[in-house]
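One structure is given below, encoded as structure tokens.
Just so it is clear: chains get the letters A, B, ... in the order the sequence lines come, proteins before strands, and each one is counted from 1.
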Number of protein chains: 2
Amino acid sequence: MPVPSQRYVRNHLLSILSPDDYEAIQSVAEGVALGRRDILIAANKSITHVYLLESGIASEVAATPEGRRIEVCITGPEGIVGVPLLLDVDRTPHETFVQIEGDAVRVEAAAFRRLVEERRILRRIVGHYAYAAHLQTAGTALSNGSHTLEERLARWLLMCHDRVDGDEFPVTHEFLSTMLGVRRPGVTTAIHSLEGAGMIKARRSHVQVLDRDKLKAAAGDSYGVPEAEYRRLIHAGR
Amino acid sequence: MPVPSQRYVRNHLLSILSPDDYEAIQSVAEGVALGRRDILIAANKSITHVYLLESGIASEVAATPEGRRIEVCITGPEGIVGVPLLLDVDRTPHETFVQIEGDAVRVEAAAFRRLVEERRILRRIVGHYAYAAHLQTAGTALSNGSHTLEERLARWLLMCHDRVDGDEFPVTHEFLSTMLGVRRPGVTTAIHSLEGAGMIKARRSHVQVLDRDKLKAAAGDSYGVPEAEYRRLIHAGR
DNA sequence: AAGAAATTGTACGGCATAGTACCGACGCCC
DNA sequence: GGGCGTCGGTACTATGCCGTACAATTTCTT
């Protein structure tokens, strides 16, 4: 797959690069399709590529030796998958996989390292995203520790909604229960509650956001801090 | 206060720098005493310095507009406070304050930015720590979402124990309840439980670790993943 | 020494979520 | 179009933690 010209690129980080930096990336990048459940970064294996999503969503999951799993960060076209490489870290105990299929521009690890080593502004932009991702993970820690399931679910749906086109996206209760670290039937009842309040519409394997403002209210203060900081850090004016 | 010679420095990141890099830092650094509750990084204000702790512990806390607070990362002599500056981020919504008093080597923000810009290995070491900190925060998210209060308390005590000299350190139930995002009486009973099992000894405003192995067992799989990765990433051989 | 403040111990009802089990419904595949 | 696997709905008990209140104890202040 070809890499789009910068004019048409949908990844936000790529879109705000200087034409020169963009060209440098373009010359070593390739376009790829991301299928559901594709593993972009495998746990404890060398990171092979970074992925700049054009569409779709990836989830970073932390796990324990005993098999507990929980989502700690989600990335869509607003970011990049492969932050460790910016920090000269070549592998990670976390797994990152495709949650909603889409397309991406990807760059081989060594080439990416060279690029960020040589290009200050590119390094700066990816660094800003890395910090936004840290804030998101911290927000998840806060949310997991002090919000109800319903609030956390609302937060999660909002974060997905921010990253997809349109108001509907595929997701199962079972999947949500893993991401949020709760029981599956708990997700079912929480979804019913949000649906009963007219915020969302749930179909088999799909959720549609009907009233984003109400959903924000349902999320309470669990949503917003990392999002605001992302906007402050990463803006078109570089 | 003077900055120690590298031979006697206790901060782990400083201790593994090349003599050349250490000297460069030393020439712009100053030693400071850290008092309990001193704010090292204030929320949403310019970061003035980075702090490389020689002793003591600092806590990074995430907060919501409505005043929920929870600890997302803890740093002692194994790390550095002020990671955002490495990523060219000049402020953060999180607050970092001194949890256990001690000493630190600190470097003014602009000087630190210049140093990491110019010195590849220094940048690499701080970057590795930044990633270890991300893993710790992710571990906190996982733990908050899927472990019991008792397990989380055990994890927290272990993380403190890792960062102090000796087996005893000052901490109140009230403080712990904020850090863990739970009720204060919940902390009291959890401490009693650990104490009853002979893992710790609690005195007013103090906790002493008696049996670290048992404490690890009590923490279950909530403790260990970020710690192992820190050791892998940051080792004496650079 | 007395009062104030901080810290810890304890109790109790109530709710949120866990754990588990089972069934119905939908959709895909042969 | 029948069968099977995935997905979602519901029910029940168990339990961990919340919210709250209040008292006892230790330490600090004056």
Side-chain angles (χ1 to χ4, degrees), chain A residues 35-37 64 66-70 99-100 142-157 168-196 200-208 218-222, chain B residues 35-37 66-70 99-100 141-157 168-196 200-208 218-222:
Chain A
R36 201 156 141 263
R37 300 189 195 201
T64 67
E66 277 148 49
R68 283 178 216 252
R69 286 165 64 88
I70 207 165
Q99 180 207 312
I100 296 179
L142 195 160
S143 202
N144 290 354
S146 67
H147 289 101
T148 64
L149 172 49
E150 197 171 316
E151 291 168 317
R152 289 167 57 198
L153 173 62
R155 171 179 185 258
W156 196 93
L157 293 173
E168 191 169 1
F169 45 89
V171 62
T172 68
H173 298 187
E174 177 72 39
F175 177 80
L176 270 171
S177 79
T178 308
M179 294 300 98
L180 298 175
V182 297
R183 274 179 330 140
R184 199 270 309 160
V187 172
T188 302
T189 55
I191 284 185
H192 289 168
S193 174
L194 297 183
E195 190 167 21
I200 60 171
K201 178 149 178 39
R203 290 186 8 242
R204 186 187 175 85
S205 302
H206 286 262
V207 168
Q208 183 183 358
D221 60 358
S222 73
Chain B
R36 201 157 141 265
R37 300 191 194 201
E66 277 148 49
R68 285 177 214 252
R69 284 165 66 89
I70 207 165
Q99 181 208 311
I100 297 179
L142 194 160
S143 202
N144 290 354
S146 66
H147 289 102
T148 65
L149 172 49
E150 199 171 314
E151 291 168 318
R152 289 167 57 197
L153 174 62
R155 169 178 186 258
W156 195 92
L157 292 172
E168 190 168 2
F169 44 89
V171 62
T172 68
H173 298 187
E174 178 72 38
F175 178 79
L176 270 171
S177 79
T178 308
M179 294 300 99
L180 298 175
V182 297
R183 272 179 333 139
R184 198 271 310 159
V187 171
T188 302
T189 55
I191 283 186
H192 290 170
S193 175
L194 297 183
E195 189 167 23
I200 61 172
K201 178 149 177 42
R203 290 185 10 240
R204 185 187 177 83
S205 303
H206 285 263
V207 169
Q208 182 183 359
D221 60 357
S222 73

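With sequence neighbours left out, the side chain to side chain donor-acceptor pair (under 3.5 Å) criterion links A:Glu195 to no other residue. Partners of B:Ser205 by side-chain contact (heavy atoms from CB on, under 4.5 Å), not counting sequence neighbours, listed by chain and number: B:Thr172. Taking B:Glu174 as the reference, nothing meets the salt bridge (Lys or Arg N to Asp or Glu O under 4.0 Å) condition, with sequence neighbours excluded. For A:Arg204, the salt bridge (Lys or Arg N to Asp or Glu O under 4.0 Å) criterion is met by no residue, not counting sequence neighbours. By the salt bridge (Lys or Arg N to Asp or Glu O under 4.0 Å) test, B:Arg183 is found to be paired with no residue, residues two or more places apart in sequence or in another chain being considered. A search for side chain to side chain donor-acceptor pair (under 3.5 Å) contacts involving A:Thr64 returns B:Asp221, not counting sequence neighbours. For the salt bridge (Lys or Arg N to Asp or Glu O under 4.0 Å) test, no residue two or more places apart in sequence or in another chain qualifies with B:Arg37. A search for side-chain contact (heavy atoms from CB on, under 4.5 Å) contacts involving B:Arg36 returns nothing, not counting sequence neighbours.
Comparing the start and finish of the helix from C:dA1-D:dT30 to C:dC30-D:dG1, five pairs each, the helix axis swings through 40°, to the nearest 10 degrees.
Between B:Met179 and B:Trp156 the shortest side-chain heavy-atom distance falls below 4.5 Å. Side-chain contact between B:Leu157 and B:Leu194: present, with at least one pair of heavy atoms (C-beta onward) separated by less than 4.5 Å.
Using modelled atom types, one side-chain atom of A:Ser146 and one backbone atom of A:Leu142 make a donor-acceptor pair closer than 3.5 Å.
When distances run from any side-chain atom of B:Ser205 to the nucleotides C:dT8, C:dC26, C:dA18, the shortest one goes to C:dT8. Checking C:dT7, C:dT17, C:dG9 against the side-chain heavy atoms of A:Leu149 singles out C:dT17 as nearest.
Nucleic acid contact class of B:Gly145 (heavy atoms, under 4.0 Å, all strands): none.
Of the listed residues (A:Arg152, A:Glu151, A:Glu150), just one forms a side chain to side chain donor-acceptor pair (under 3.5 Å) with A:Thr148, and that residue is A:Glu151.
Mapped onto DNA chain D by nearest heavy atom, A:Ile191 and A:Arg204 fall at different nucleotides, with A:Arg204 at the one closer to the 5' end. Looking at which nucleotide of DNA chain D each of A:Glu195 and B:Val182 is closest to, the 5′-most match is held by A:Glu195.
In the region residues 150-157 of chain A, proximity to DNA chain C at under 4.0 angstrom, judged on heavy atoms, holds for none of the residues.
Regarding B:His147, its NE2 atom lies at a distance of 14 Å from the P atom of C:dA18, rounded to whole Å. Here C:dT8 presents its P atom at 12 Å from CZ of B:Phe175, a figure rounded to the nearest Å.
Note that the first and last nucleotides of DNA chain D, 5' to 3', having any atom under 4.0 angstrom from a heavy atom of chain B are D:dC17 to D:dT27.
A:Lys201 and A:Glu168 are not joined by a salt bridge, as no carboxylate oxygen comes within less than 4.0 angstrom of a charged side-chain nitrogen.
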Close N/O contacts between protein and nucleotides 20-23 of chain C (under 3.5 Å):
none

